[in-house]
Each structure stands twice: as structure tokens, then as C-alpha cells.
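In what follows, a structure is listed as C-alpha cells, so that the remarks can point back to it.
Since this is a predicted model, take the numbers as computed values, not measurements.
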Amino acid sequence: MITEDARALLSTGAVCDSCLGRPFADRSFGLTNAERGRALRTTVALADDEDFETTAPADCWVCEGYCGTFDAVAETIVDALEGTAFATYQVGTRVPPLVEENERLLREDAGLEPDVGESMKREMNREVGRRVGATTETEVDFDRPDVLAVVDLEGFDPLEALESGTVTSHAVDVQINPAFVYGRYRKLERDIPQTEWPCRECGGSGIQLGDDGEEPCDYCGGSGYLYDTSVEQVVRPHVVDAMDGDEGTFHGAGREDVDARMLEEGRPFVLEVKRPRVRDPDPAELEAEINEAADGAVEVAGLRLATYEMVERVKEHDASKHYRADVEFAESVDEDAFETALAELEGTTVEQYTPERVDHRRAGLTRERTVYAIDGDLRSPTEAEVRLHGEGGLYVKELISSDGGRTEPSLAGLLGTDAEVTALDVTGVEGENEPFEREAYFLDEPRDGSEPATGDA
Ligand SMILES: [Zn+2]
Ligand SMILES: [Zn+2]
């Protein structure tokens, strides 16, 4: 039966071992298609007592020579990846439509199902991939490889490649997937935004048009930025440099107001590096370097090499926040009234209409947020420190001030006097149901002696 199929395939014309073996690719795991084809050719020759004749790929009407180019293609890919560190790879192949048509015709002419066995695309991916993996001592990863090499078979002439043993680099496109560093940041000074904040007057150019032509923008003083620096600008260049990448993107787990400090365990973030040539910088060294350069304004802790899943984690994981606020009252407040108001707010669900300051473009709506815990100290009749733990999305300044009645209940409302937050610190960002840090999303081992990066007690 299988011998008859092989005989029928051989009668279609000159067919190389790989192309002969490919329709039987689901038989006898552990053989290459070329080994299957060679065995079938031998069997048919013996059964029919014919002289044994091989067909080189160069003479094969099906693949037109491509099945002899695995080594050369693999070599070109390895060359293209020179200087790039990676642990996992994947190879993809674009097969010329005419060759795909040949594959169907081969099976049809032999009376087989048009897609029986394996496609040349799959064989090429596997055979070239196996060679790339063996040479570079890396593993194939079909899901999320560090590097992806796409071979365009139309990008080279197979007969020329068979003759020279080389394939032009133009036929291979190497993509390097991003790499990720996770950590927590602290912002020890106020008026530092989390991400770059280009000047809105000059669009970040730092230039305005004056009477005598271009001059420095009045609004930003020519820097192009509204603030001197940002957490992103402090962290990004060091990580991009350490990974020898092209550019970086900062992803924070939410953000605090520009004028709020971020203290204690800090806020989770991921720095994504595009086209990294290095994937395993030493996180401890990187951390020390960033902290030294930031000189106290910003600090990072608990840096670790992370998987791409960590980006979604920091962006979407529900988190509650701890705050510390300095509050000023318009009129004197007595101790009893203060304590009673805090007791009233503890555990309560607050209704907050979108504050005007948040986003003028956002449609207003009323949200409900819970104050998990709140306490404080009256420092003088008109000054207090308030500490609270609230559900993610709770507007703390409005919880204190009432935002003109848009937040209900509020400290100001309960006390019957205007109240205002004069300084705000975020003292904790923690996952609602479980910590941000999930071991499966890290590529490195936890560091001994590093600061605990689990703010989630
Ligand atoms: Zn062939
Ligand atoms: Zn400007």
C-alpha cells in the first residue's frame, strides 16, 4: 500500500527524497522526511528489481531545489543573529505559491489527498530551526521566542544556493522580541511626573517662533518638557543601555499625582526594551546604577528580569492604595468631631463624580469606591495628618475636600468646614487579591539580600 503510493509519487517525475517522504511525514516518528523518502525509493527499487537512482533536490520538480538548502538558510540566519543574545527562537518560512501548487499537484497526480502528510513550509521551519538551535545552543519556542527568523524562499535562487552553499541575507528577516525589567519605584520628591511630559505649548520641540525667527519656548524654557525629569527618564536610559536595545517604554501600575510622593515599597513598573541585543543584564547592578544617577529624587528597588506577561500584570492587576495626607481646615476643628468624622468614613463606600481636574475630556460619571481604613492626628485646630487605605481609583484629595459636593461623604462635609490636602504621599500600592509579583512572570531567581519587593503584606 505505502509502496504503491511511493511508486505513484515517483511516476510523477523526478522527486527528491524530502519531497517523496513528506506525504508520509506522520509515519515513524524520529525519521526525517529525506530518510523516509530514501527508504521508500530503496523499497520500490528492490520490489521492482530496478536500478537504484537517486534524485538530487536540484532536479526535483516539486521543491525546485529548496529541500537542499536547509544548511545554507540556517547559516544565514545564524549570521544575521550574530551579536544578539537569545535563549529561544522560532523560524518561519514563506513558500512561493508555485511550489505550494507543486506540492498539491504531486499528491493529486499520485492519487493521494491534496494535503496528506506535511507541507514544505513546516518541513523547512523544522529542519532549518533544528540547525539554528544546534549551532546556537538555543531552544525552539512556538509561543513567544526571543527571536523570530522569517525566511522568504522567493528571496533567493535555490539552484544558485545549492551551487554556492550560501543564501543571501536579504532572504532572511530577523525580528528581536522585546525584553522586560520589572521593579518598584519610589518618588522621594514632589513635582516629578511618572512618564515624560512634553511641553504642550511647543509640542516638545522647545522652540517657539518669535519676531526674529526661532527662539526658546517661553513656557518650558526651551527644554521641551514641563518638568525637568520623570521617573521614566530616570529609569529608561539605563535599562535600554544595559540591554543594548533601540528604545524603551515605561509601564506603571497606575500613577500618582505629579505633586504626590511615592514612598515605602514603591509602585510596580515594567520597562520594555525594544530590539535588545542583551537579555540578561545583572538586575542588582542596574538597580545600583539607576539609583546612583537619580541621586535621591527617584529610587528603584527589587529589579528583576520579567516576561512580557508582566506588562499586562502591572497595567491590569487591581490594586488598593495607602496614602498619607497633610490636611488644612478653613475653621477650627475639635478632636471629638475629627475622630467622629474619621470613624464615619472608615469602611464606607464613597460616591465620587469625576473630578474636573482629572480629565476634561472624560465623560463625567459617578463611581463608588470603598475607604478600607482611615485614621489620623489633629496637629492643631486647623491642621491634621490623615492616613488611609482605599480601593483603587478612590480620589483622595476629593475625599478630603468634597470637591464642591461631588464626593459624598467627605471629611469636609462631615466636619462642616472646608478642608484641603496640602501634601499627599502614596505609601503603598498592593494587589487587591494577590501580590503583583508572581514568580511565573520572572525569568531570574529572587535575589538574596535584595530588598523585599512584595509590598503586599
Ligand atoms: Zn524536492
Ligand atoms: Zn515648550
Side-chain angles (χ1 to χ4, degrees), residues 178 181 183 185-263 266-267 269-277 286 289-300 311 314-315 325-326 328 353-364 395-398 401 403-404 406 418 420-426:
V181 170
Y185 74 83
R186 299 187 196 100
K187 221 168 76 182
L188 305 174
E189 291 172 11
R190 303 188 191 282
D191 298 320
I192 299 176
Q194 184 189 73
T195 49
E196 275 188 339
W197 196 324
C199 172
R200 61 173 172 266
E201 293 300 312
C202 63
S205 68
I207 292 165
Q208 67 183 19
L209 277 179
D211 295 337
D212 306 318
E214 292 184 349
E215 55 185 46
C217 167
D218 280 340
Y219 202 71
C220 62
S223 70
Y225 292 102
L226 278 192
Y227 296 90
D228 292 341
T229 188
S230 63
V231 177
E232 175 178 22
Q233 284 161 283
V234 167
V235 173
R236 188 183 57 204
H238 300 281
V239 183
V240 171
D241 266 11
M243 291 191 155
D244 195 9
D246 285 355
E247 53 182 318
T249 308
F250 189 96
H251 307 282
R255 58 173 70 208
E256 60 284 331
D257 292 339
V258 170
D259 61 4
R261 292 186 298 182
M262 179 71 243
L263 305 175
R267 185 183 293 273
F269 71 89
V270 171
L271 206 290
E272 171 175 2
V273 177
K274 307 273 167 62
R275 288 189 67 79
R277 259 73 70 178
L286 190 51
E289 189 186 308
I290 293 168
N291 288 338
E292 194 177 331
D295 201 21
V298 172
E299 270 180 16
V300 293
V311 173
V314 300
K315 285 168 121 172
D326 291 332
E328 265 181 37
Y353 189 77
T354 311
E356 184 94 347
R357 69 177 174 93
V358 171
D359 191 340
H360 296 268
R361 293 157 302 178
R362 193 182 295 176
Y395 295 116
V396 175
K397 289 174 178 171
E398 285 71 17
S401 72
D403 194 23
R406 282 185 284 267
D418 285 351
E420 192 194 348
V421 172
T422 55
L424 185 66
D425 297 326
V426 185

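- Annotation for G296 and L188: closest pair O-CD1, 3.2 Å, computed over non-hydrogen atoms.
- Here the closest heavy-atom approach between residue H251 and residue V314 is recorded as O-CG2, 3.9 Å.
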Report the C-alpha separation of V239 and I290 in whole Å, then their side-chain angles, then the decisive distance to 0.1 Å, and conclude whether the side chain to side chain contact (heavy atoms under 4.5 Å, CB included) test is met.
CA-CA 9 Å; V239 183; I290 293 168; 4.2 Å; yes

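- When the side chain to side chain donor-acceptor pair (under 3.5 Å) test is applied to D259, the partners found at least two apart in sequence or on another chain are K397.
- A search for side chain to side chain donor-acceptor pair (under 3.5 Å) contacts involving S230 returns Q233, not counting sequence neighbours.
- Not a single salt bridge (charged side-chain N to carboxylate O under 4.0 Å, His left out) links R255 to another residue, sequence neighbours left out.
- Of all heavy-atom pairs between E196 and P198, the closest is O-CD, 3.5 Å.
- By the side-chain contact (heavy atoms from CB on, under 4.5 Å) test, E189 is found to be paired with I192, A297, residues two or more places apart in sequence or in another chain being considered.
- Within the 4.5 Å cutoff, side-chain heavy atoms of M243 are placed close to those of V181.
- D241 meets the salt bridge (charged side-chain N to carboxylate O under 4.0 Å, His left out) test with no other residue; sequence neighbours excluded.
- Summarising the geometry of V300 relative to V235, their closest heavy-atom pair is CG1-CG2, 3.8 Å, with the distance given to 0.1 Å.
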For residues 215-224, which side-chain donor-acceptor pairs fall under 3.5 Å, sequence neighbours excluded?
{"from": "E215", "atom 1": "OE2", "to": "Q208", "atom 2": "NE2", "distance (Å)": "3.1"}
{"from": "D218", "atom 1": "OD2", "to": "Q208", "atom 2": "NE2", "distance (Å)": "3.2"}
{"from": "Y219", "atom 1": "OH", "to": "R200", "atom 2": "NH2", "distance (Å)": "2.9"}
{"from": "S223", "atom 1": "OG", "to": "C220", "atom 2": "O", "distance (Å)": "3.3"}
{"from": "S223", "atom 1": "OG", "to": "Y225", "atom 2": "N", "distance (Å)": "3.0"}
{"from": "S223", "atom 1": "OG", "to": "Y225", "atom 2": "O", "distance (Å)": "3.1"}

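- Open room surrounds CG on D228; 12 or fewer heavy atoms of other groups in view lie less than 6.0 Å from it.
- With rounding to the nearest 0.5 Å, the separation of CG in L226 from SG in C202 is 8.5 Å.
- Remark: the backbone N or O of L424 is paired with a side-chain donor or acceptor of R190 at under 3.5 angstrom.
- Here the CG-CG distance, from D257 to D191, works out to 11.0 Å after rounding to the nearest 0.5 Å.
- Annotation: salt bridge (charged side-chain N to carboxylate O under 4.0 Å, His left out) contacts of E232 (sequence neighbours excluded): R236.
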Would you check, one step at a time, whether the test side chain to side chain contact (heavy atoms under 4.5 Å, CB included) holds for E398 with V421?
CA-CA 9 Å; E398 285 71 17; V421 172; over 6 Å; no

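- The heavy-atom pair separating R267 from A253 by the smallest distance is NH1-O, 2.8 Å.
- The ring pair (Phe, Tyr, Trp, His ring centres under 6.0 Å) check on Y185 picks up nothing, with sequence neighbours excluded.
- In this structure, the salt bridge (charged side-chain N to carboxylate O under 4.0 Å, His left out) partners of D403, at least two apart in sequence or on a different chain, are R406.
- Legend: residues meeting side chain to side chain donor-acceptor pair (under 3.5 Å) with S205, ordered by chain and number and at least two apart, are absent.
- Scored by the side-chain contact (heavy atoms from CB on, under 4.5 Å) test, E247 finds K274 as partners (sequence neighbours excluded).
- Without hydrogens or angle criteria, Q194 side chain to G254 main chain gives a donor-acceptor distance under 3.5 Å.
- Using bins of under 30°, 30° to 60° and over 60° for the plane-to-plane angle, the ring pair W197/Y227 lands in the tilted bin.
- Partners of Y353 by side chain to side chain donor-acceptor pair (under 3.5 Å), not counting sequence neighbours: none found.
- Separation of atoms CZ (R186) and CD (E299) is listed at 5.0 Å; rounding is to 0.5 Å.
- Residues V231 and F250 meet the side-chain proximity criterion, which asks for heavy atoms closer than 4.5 Å.
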